[in-house]
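Beneath this line is the structure, given in structure tokens, with notes to follow.
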There are 4 protein chains.
Amino acid sequence: MGTEGDAGNSASEGDTGSGTATDAAGDTHEAIMGATYRALCEHGYADLTMQDIADEFDKSRSLLHYHYDTKEDLLLAFVDQMVGWIGDRLAETETDEPLPRLAEYVDRFVIEPDESDRQTFAVAIAELRVQAVHHPQFREKLQAHYERNVETVADILADGIEAGVFRDVDPERVGEAIYTAMVGARTYQVTLGAADATRRMRDAIAEFVIRELLVADRDVPEYVG
Amino acid sequence: MGTEGDAGNSASEGDTGSGTATDAAGDTHEAIMGATYRALCEHGYADLTMQDIADEFDKSRSLLHYHYDTKEDLLLAFVDQMVGWIGDRLAETETDEPLPRLAEYVDRFVIEPDESDRQTFAVAIAELRVQAVHHPQFREKLQAHYERNVETVADILADGIEAGVFRDVDPERVGEAIYTAMVGARTYQVTLGAADATRRMRDAIAEFVIRELLVADRDVPEYVG
Amino acid sequence: MGTEGDAGNSASEGDTGSGTATDAAGDTHEAIMGATYRALCEHGYADLTMQDIADEFDKSRSLLHYHYDTKEDLLLAFVDQMVGWIGDRLAETETDEPLPRLAEYVDRFVIEPDESDRQTFAVAIAELRVQAVHHPQFREKLQAHYERNVETVADILADGIEAGVFRDVDPERVGEAIYTAMVGARTYQVTLGAADATRRMRDAIAEFVIRELLVADRDVPEYVG
Amino acid sequence: MGTEGDAGNSASEGDTGSGTATDAAGDTHEAIMGATYRALCEHGYADLTMQDIADEFDKSRSLLHYHYDTKEDLLLAFVDQMVGWIGDRLAETETDEPLPRLAEYVDRFVIEPDESDRQTFAVAIAELRVQAVHHPQFREKLQAHYERNVETVADILADGIEAGVFRDVDPERVGEAIYTAMVGARTYQVTLGAADATRRMRDAIAEFVIRELLVADRDVPEYVG
DNA sequence: AATGAATGAGAGTTCATTCAT
DNA sequence: CATGAATGAACTCTCATTCAT
């Protein structure tokens, strides 16, 4: 999957280490987050009820309130979870070279038609982002997420500039443009069903941005269309 | 205002003819659409109730149901209205020259911090777009809207290519990239409060895309950063 | 049709004489009664709305209120209409001889499976009768209707007794029994779909009651099973 | 009470065992059925609201929806309850001899003026029966109830025929006639306030039907007027 | 006579939340 | 930890009725 995770039903993966009380609590938490994710995907934020979440959980509605006082608390924790799922993947990289890293970053946004999990995940993110307008607490968490993403690209760009691979542009500005453009294309693709919109944006960025970023005397490598 | 209208409380502008029966009906319709717009902006789609709309209306709640059988019907009509408000402005242009027209198109997305109406309008659009995932009827209407936007840029590009102003790129592809990138930046700006994100994206497009589009032997005009 | 009319869409039959203002008013009244009848049959009393009636009428809902202040007023008038429709037929008879008249009276209750109009009419009567419990004004009107029916049989019986055809029973008592038994069977048939229940009751009355009523030295005529 | 129960506020009678969980659930169910019965009697089916039922209940309106998804579900369960209340009493008898049993069966329909509970119950049954026309699910349940009643009389008659007490008539046909005639009289009495109509019908049946049924050489016993 | 627009009361239903167990 | 029962507020929608035209 791309930059912004696939998680969801893979919620309970990971540290299913021992059977301690701490783990049990953690498992319940993860199970609720997973249930929330699935319920959100199925019903949409506007129609999401505690019952919908409980239905995806194998436990009762009351138990949700035992763990989270209110629906809002639960959703706040869920935003953290979402952001966390993504963030964990953000730093992953297979190379240290700036150009491949930049290409890799952009590539991660491309959603193929058969990747329904990632599509679903992107929808969930889009849902939450819109709620940020009316929920300051959502906003703060998602702002941090956006900034972290921008920073990730900016770091790649800064590295490339320092290494003499990229022109001397403002890494923050260009990073933001790349990130928000990819998110724009992704939102278009997943909300309105514009097949391959992410792929086309990736290509456009490769052609118009990345190619331009390269210092003149270098060869244009394969990563750039 | 930019490409995607300011409408809402300006609902009754236009044919302020006389007090005929036709106007009365039309006025009520427009009043409801305006009330819906204001209620949507204030409460957000997820929390929007018929009461909220009635509160922005100077008539009773039941009257909403008299004119629209269900909440869904009303919102469907509202999507049409939104799309219509925008579409009416889309074709407007002050010049026929491709480059200024392209610059003008992109400029229209820039939202200044003091333009709260346009910010609010952009939020409303973003809200509706997310609902498209779960509401096929919303999706269809918004798909048409998106395609109309892309087509508008594509036409400008095609004209420019034919006039020898732009390089021979695929107008559709590039047009889509420009549109979805601007929308992505706008969504970032209005949902997460990223001040000037639209301005920065406009600049990035001018620098990376428009400049690249120009045929080599032309001077780079003022429109481009 | 039997004792209790078929009316309904035949509402406007009768005095469609001239085009005077009085007739116009009468026509509207009859049209509303007819519409009410059809709406009642289609929706049932419990679900009957003014809109349902207006839908069967070719006029607006408001017009109903122009002619009848309230729904209750309209329904009260409708009960009168129903009772009237039936009453008009009650006195009709083809013969003066007590036995055939009694047989004729009972026969009129028999509803054949293909007589959907009469079935529908009987349902309407049953609906109204139940409302009598909670609506004193309905009750009064229907009590009079019942008594008139009982009286009709009682008269036949009294005539027969006087003529020496029937035994000296209490005409009122036996008349009531015959009438309420036939109505019971009819209600069974039309509400629970008990095919031919009216026919079977008619036969049972012929066998057990009418045969018994005949004075001993007479031959049992064909009317009696 | 007669054949068709008195129930209602006597809902919780019977197993007032302990405070087990089972009882609690059962009690609530019974309490709702009882409240529904009382509300139905007071307001009539056509005007019966969930609020009316809740008012007769000592719990909240929402609890009704907790136990029954919809008003229709609740009423469907209520029809079952009504039919059940009656059915439980149907088989009860104090004797094995056909003639007394038949007399006993018919006697049970007689409602004295002071038996307001039974009168009320009969009204409720009549209300539900009319709804059967428009509600197939009501119809099925009530059809079974009617058939069970007819069968009960038919069984008595068949026993009597086999025992040589009654003439060789068709038990089903005569049973149906007796049952529907009694119900017809009862409906007359309780909806239109025809005092003693059930008693008069009982007498008429004794005189015209039961007396006729007896084989010729027997003495007419006291049971038959 | 006839209508469309408008309203207020109240209908059935949903839902987040609480509480006793 | 876990639940079923219970609640009150609020929601969408309906309907008889009124009123201006």
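Here is the naming used below: chain letters follow the sequence lines, and residue numbers restart at 1 for every chain.
Of the residues in residues 45-52 of chain B, not one comes within less than 4.0 Å of DNA chain E through any heavy atom.
For the pair D:Arg61 CZ and F:dC11 P, the interatomic distance rounds to 14 Å; values are reported in whole Å. Here E:dA11 presents its C1' atom at 16 Å from CD of D:Glu72, a figure rounded to the nearest Å. Rounded to whole angstrom, the span from the CG atom of C:Asp69 across to the P atom of F:dT17 amounts to 9 Å. The nearest whole Å value for the distance from the NE2 atom in D:His29 to the C1' atom in F:dA5 is 16 Å. Look at NZ on B:Lys59: it is 17 Å from P on E:dG4, rounded to the nearest Å. In this structure, C:Ile53 places its CD1 atom 11 Å from P of F:dT17, rounding to the nearest Å. Distance CG (A:Leu63) to C1' (F:dT3): 9 Å, rounded to an integer number of Å. Separating the NE2 atom of B:His65 from the P atom of F:dC15 is a distance of 13 Å, rounded to the nearest angstrom.
When the side-chain nitrogen and oxygen atoms of A:His67 are compared with OP1 and OP2 of F:dC1, one or more of them lie within a distance under 4.0 Å. Under 4.0 angstrom from either OP1 or OP2 of F:dA2 there lies no side-chain N or O belonging to A:Tyr66.
As the counterpart of E:dA20, F:dT3 is assigned, both hydrogen-bonding distances of the Watson-Crick or G-U wobble pattern falling under 3.5 Å.
The aromatic rings of D:His29 and D:Tyr68 lie tilted to each other, with the angle between the two planes from 30° to 60°.
Residues C:Arg38 and C:Ile53 fail the side-chain proximity criterion, which asks for heavy atoms closer than 4.5 Å.
For the atom pair CG (A:Asp47) and CD (A:Glu42), the distance works out to 11.0 Å, reported to the nearest 0.5 Å. With rounding to the nearest 0.5 angstrom, the CH2 atom of B:Trp85 is 10.0 Å from the CD1 atom of B:Ile125. One distance of note links CZ of D:Phe57 with CG of D:Leu64; it measures 5.5 Å at 0.5 Å rounding.
Side-chain contact of A:Glu127 with B:His134: a donor-acceptor pair under 3.5 Å is present, judged by distance alone.
More than 12 heavy-atom neighbours from other residues, nucleotides or ligands sit within 6.0 angstrom of CD on B:Gln51.
Closest-nucleotide positions on DNA chain E for D:Thr70 and B:Ser60 were compared, and the one nearer the 5' end corresponds to B:Ser60.
Considering only side-chain atoms of B:Ser62, the nucleotide from E:dA6, E:dT7, E:dT17 that sits closest is E:dT7.
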